[in-house]
Amino acid sequence: MRTEYQFREIEKQWQSFWEKNETFKSQINKNKPKYFVLDMFPYPSGAGLHVGHPLGYIASDIISRYKRLMGFEVLHPMGFDSFGLPAEQYAIQTGQHPAVTTENNIAKYIEQLKNMGFSFDWSREVRTSDASYYKWTQWIFMKLFNSWYNQETDKAESIDTLTEILTKKGSVNLRAVCDEELPRISADEWNSYSEDEKYKYILGYRLAYLDDSVVNWCPAMGTVLANDEVKDGFSERGGYLVEQKKMRQWSMRITAYADRLLTGLDEVDWSDSIKEQQRNWIGKSIGAEVTFDIENVIDKKIKVFTTRVDTIYGVSFMVLAPEHEWVDSLTTQEQKSAVAEYVKWTQSRSELDRVSEVKQISGVFTGTYVTNPVNDERVPLYLADYVLAGYGTGAVMGVPSGDQRDWNFATHFDLPIIPILDAQKGIEKQADATKEGLYINSGIINGLSYKEATNTLISWLEQRGLGKGKIQYRMRNAVFSRQRYWGEPVPVYFKPTSSGELLPYLIDESDLPLELPKIDKYLPTETGEPPLGRASMEWKYKNQYEYEWSTMPGWAGSSWYWYRYMDSQNKDEFASKESVDYWKAVDLYIGGSEHATGHLLYSRFWNKFLKDLGLVHEEEFAKKLINQGMIQGRSNFVYRVKDSEKVTFVSYGLKEKYQIAALHVDVNIVENDILDVDAFKKSRNDVPDDAEFILEGGKYMCGWEVEKMSKSKYNVVNPDDLISKYGADTLRVYEMFLGPLEQFKPWNTNSISGSHNFLRKFWRLFFDENTQAGKLVDETASADELRVLHTAIRKVKDDLDRFSFNTVVSTLMICVNDLGQLKCHKKSVLRDLLILVSPYAPHMAEELWVALGELPGQISYAKFPEFNPAFLNEESFKYPISFNGKVKLTLDFSSSASSNEIESGVLANEQVIKILAGVSPSKVIVVPKRIVNIVLGK
RNA sequence: GCUUGGGUGGUGGAACUGGUAGACACGCAGGACUUAAAAUCCUGUGAGCCGUAACGCUCGUGUGGGUUCGAUUCCCAUCCCAAGUACCA
C-alpha cells in the first residue's frame, strides 16, 4: 500500500486491475434497473486526442460511475466511427490501405482513453469499418429498400403489403410517400404489368431508392455531399467549392418521417437550440397550393405554394425559378433572347457570387401571362433568382403589398402594389405582412378576417379543383451515395430487364456482409466512376452482375450504433431481442452540438424506422442529450520589439512603450502566463542566446487570446502531458471544475494546481505527507463531522442529478477543507466521502479504499451514501435582517419559531432598535428559513 | 434579418422555485515554518469613502426603465458577444 500520493503508479496499477478483472463489464441483469450512458463515438484521426476531446467522456464517465453507485446496471461503451475521409485521403497520397491507418489511429485512441481511467466496457467496442459491424448497416439498408411508408398507418411497412394493396386497389387512392412523378394506376393496370414493370414501379415507393436528383457535387473531392455537409456553397470538410449537378443516386426517403421527426422533439430532453435547429431544418410550412392557368397554353398549369393564400387577390406578378424546366416553353418569341441571357447570367454566377453578393434585384419578363384563379386577372410571368427551384414548386406568386421580396421586385419592375387588408400601413414605402384587419380589394373574402379568409379560400379552391391546403417541408430526402472507397458497400447489384434496362436488386441476405474489395488505387476510375469501379473486373455478384460502386455516407454507420453496443458480438442479429428488451434506448447521450442536423437527425430517422419494423422499442433513441461545449484554445503571445539592434522581447505589461510585433508562443512553455525564457530560447532557432528580455517584476509576462485550438497557433494542450504531470484524476477533476459542461470555454491550464491540491489535501486526511504515517482512526463521528459530510452528500447527489459537474467539485473541496479543519481522520466519515469522490477521481478512490481496509475494486459497486437530514443541525437558523432590502445584521432564531415570534424577537433586538432610531416600521416581512425584511416609510 | 444561448471581481466561475451577490478555485499581497528553497499552514483580497482603529457608510451582476417589502433572477426597451441559419414563398 502506498502512503504517498504517487499518482502515476496508482493510476497505472488500477487501470490494469480494472482491465484484468473486467470491473466494468456490464450484462443483462433483470434485478437491477438499467442505465445506458452513451458518448458520441469519435472518428479516430491521426492527431490523437487533445484536451478538449475528453470533456464529454469525463462527464459521461462520472455519471456512469455515479449510476453504478446508485444501484443501476450501467451500459457505458466506446467505439469508433472509423469510416471516413482522412484515412482515404491519406491512402490516396501514400497507397496505404485505409484499414491500416485506421487500425493504428484506433490503437492510439484506445491507449489515450484508457489512460484517463474511463470505465468503458471495452468488450463491447464497435468499429463501423469492421465487416462484422457493417454487415448490419447493410442489413438495415436492405430493410429500408424493402419498405415503403404507408401514410394510412403512419409507419413504414414491408413492400409485401404494398404489392397486396396494388393488386387489389391500385394506387389511385393510395396514401403513401413516393416519387412525385410516379403515375397513379388502377389495380387492373398494375395486374397487367410484367414482373419487370411491377418491380420498376415499386422502386418509386421504397424508402431507399435510386433517383436522378440534383445533388451537391464536389468536383475537388469527386463525390456528392449531403445538405448538412455543405456550408455556404462549400464543403464542410476541406472547404471545396460545391456545385449542383443532376446525378443518379441512392436516397433515403427521410421526408416520410418529417412530421414524426418534428413531433418527437417534444418528448425528448434535448437543448432548445438543438431542437430548434432540427425544427428549422425540417422547416414545416402550412399553406396552400394554387394552380394558375397559363394564357395560350393548354397542356400546362403552374402550381405555386404559398403560406399566405389569403393574399391571393394582391397578386400582381408571378415568378419562376430560372432553373425551372418550363422556362423555354413558356417564353414568348420576343423575350427569347432576354430570357436566354438572364438564364445564362444566373448560371454563370458561381455559388460564391450568390453568397457574397449583396441582395440585388434581378429578373426578366417571359412575355407570358398567367391567370389568377380567384379573379381571372392577367398576371405577368417573370423569372427571378430569388425563387429557388428546389423548394416548393419552384414558382411563387408575387404579392408586393404583403411580402418584402415581392415588394422589392414589384418596385424594381414597376408592377402594381395592391393593398389587401385595411390594416396594412405604408405599403408605398415597404411591404406590410400583417394579418390584422379586414380584407379589401379581395372579392369573395372582402370584410373577412385572416382566419376566416384562409379557410374560405382553401375550400373555394378545393371545390373547383384549383388548389388545396398543403404542408410543405424544407427538408429534402437524404442523398445516400458517396463516390468514395472507405465506406460501407451498398448491398445492391444491377440486373438488366428483358428490354436491357438495369434495375437494382438486393443481394441475398446470406451473402452479407458485402465486403470492400481490394483496389489498386483509391482514386476514381479513368472514366470518372467511383473507386470501387476499379475492382469491377473480378468483383461481381454471382460472377456476373455489376455491384453498386458508390458507398454509403459517413452517417450510415453512426445511425444505429447504440444498438450494436447492446450485443456487439452477435453474429446472427444486429442485437438480440433479449438485449434490446433490456437496454431499450439511450438514457443519457453526451456529445457535441455540431451534429444537430446531421447525425442526430439521421439517427432519429433510422430509429423510428427500426421501431416501425418492431425491432426496437422506443420512438426516440436518446431521451436526454447534453451537448458539451467546445473547448477553445488559449494562445499565448510574446512581443518582439521592432527595429531594435538586438533581438528583444518586451513583457506584456510594458509593451505599450514600444513598437512591437506579437508572436504566438507555445503554451506548453508558459505557466500562469509567465514565460519560461530558457525554454523559449531553446525552442526557437531565430532567438539567439543573447536575446534581450524586458521583464516586469523579474518575469516575462505573456499576452493571451482565445482562438481555435490548432497546431499553427501553438495552443494545443495534450492530455497525456497533463496526466504525466498531475495525473488523470487531477485532469478529470479539473476539466469538470472549469465551468458548466455545456458552456464554450477556452482551455487554460493555469489553475489546474487547485484541483491537484484538492486531491492531495484529500489524501492527507488519510496519510501524513511528511512521515507517511497512516492517520485513520476508528472513532465514531462527531456531530460537526456528520453535518459537514451530509451537507456534501446532499449537494453532490442533487448536483449530479442535474448534471452540474462543476459545482460538485466545489462541494467536495468544501467538505475536504472542513474535515481538514476538524482534523477528521475517522474511517466512517472518510469512507462515505471517498465514495462521493470516486466518480471524479476513481484511481485515488480505489487506492484509499484499500487503505480503509475494504476489498480492492469494490468501490465501483459500493452503495452511494444515504443523506440523513437529522445530521444537518437545523435547530436554529441565522436570519439576515434587512431594512428595505439591505441586510444590516443577522440574528439566530430557533427553527421552530413562528413568524410572529421572530418578528417580535427582531423588533426587540437592541441593534435593530438602534438602527430604527425611533421610526416604527410600516411592515415586517418574515420568510421562514430565508430572511427578515423590515420595511420603513412608504 | 431570424433562431438559440450568454454578458457577475484581475481570471475561471457560484448563487436550484425572487430572499445575506461574488461560494469554490486561480492569481495577487502579507505572515508562520525552514540555514535556504520547495511543500504545507494562517490572514487578507469587488470598487470607493470616513476614520488611529473597532465600527460604519455609499456604489456594485452590460445599459435605461418597470413590477416587488426585496431583482443577477421576472417584465419592457436597448447595446454587445457566441453559435446556428436564411432570398424557404
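Naming convention: chains lettered A, B, ... in sequence-line order (proteins, then strands); numbering from 1 in each chain.
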A/Lys923 vs B/G70: side-chain N/O to OP1/OP2 distance below 4.0 Å: no
Distance flag, aromatic centroids of A/Phe413 and A/Phe317, threshold under 6.0 Å: no
Contact residues, residues 756-766 of chain A to RNA chain B [heavy atom, < 4.0 Å]: A/Asn757, A/Arg760, A/Lys761, A/Arg764
Distance in angstrom units between [X] [atom1] and [N] [atom2], rounded:
X        : N     : atom1 : atom2 : result
A/Gln430 : B/G1  : CD    : C1'   : 13 Å
A/Leu812 : B/G13 : CG    : P     : 20 Å
A/Gln911 : B/G56 : CD    : C1'   : 12 Å

For the student: nearest non-hydrogen atoms of A/Arg764 and A/Lys775, plus distance: O-NZ, 2.9 Å
From B/G12, B/C26, B/C42, nucleotide with atom closest to A/Asn750 side chain: B/C26
Annotated protein contacts, base or backbone, on nucleotides 3-8 of chain B with a non-hydrogen cut-off under 4.0 Å, one of B, S, - each: SSS---
Side-chain H-bond candidate by donor/acceptor type, A/Ser755 with A/Tyr726, under 3.5 Å: no
Whichever of A/Tyr386 and A/Val932 has its nearest RNA chain B nucleotide further upstream toward 5': A/Val932
Heavy-atom donor-acceptor pair, A/Asn372 side chain to A/Ile312 backbone, under 3.5 Å: yes
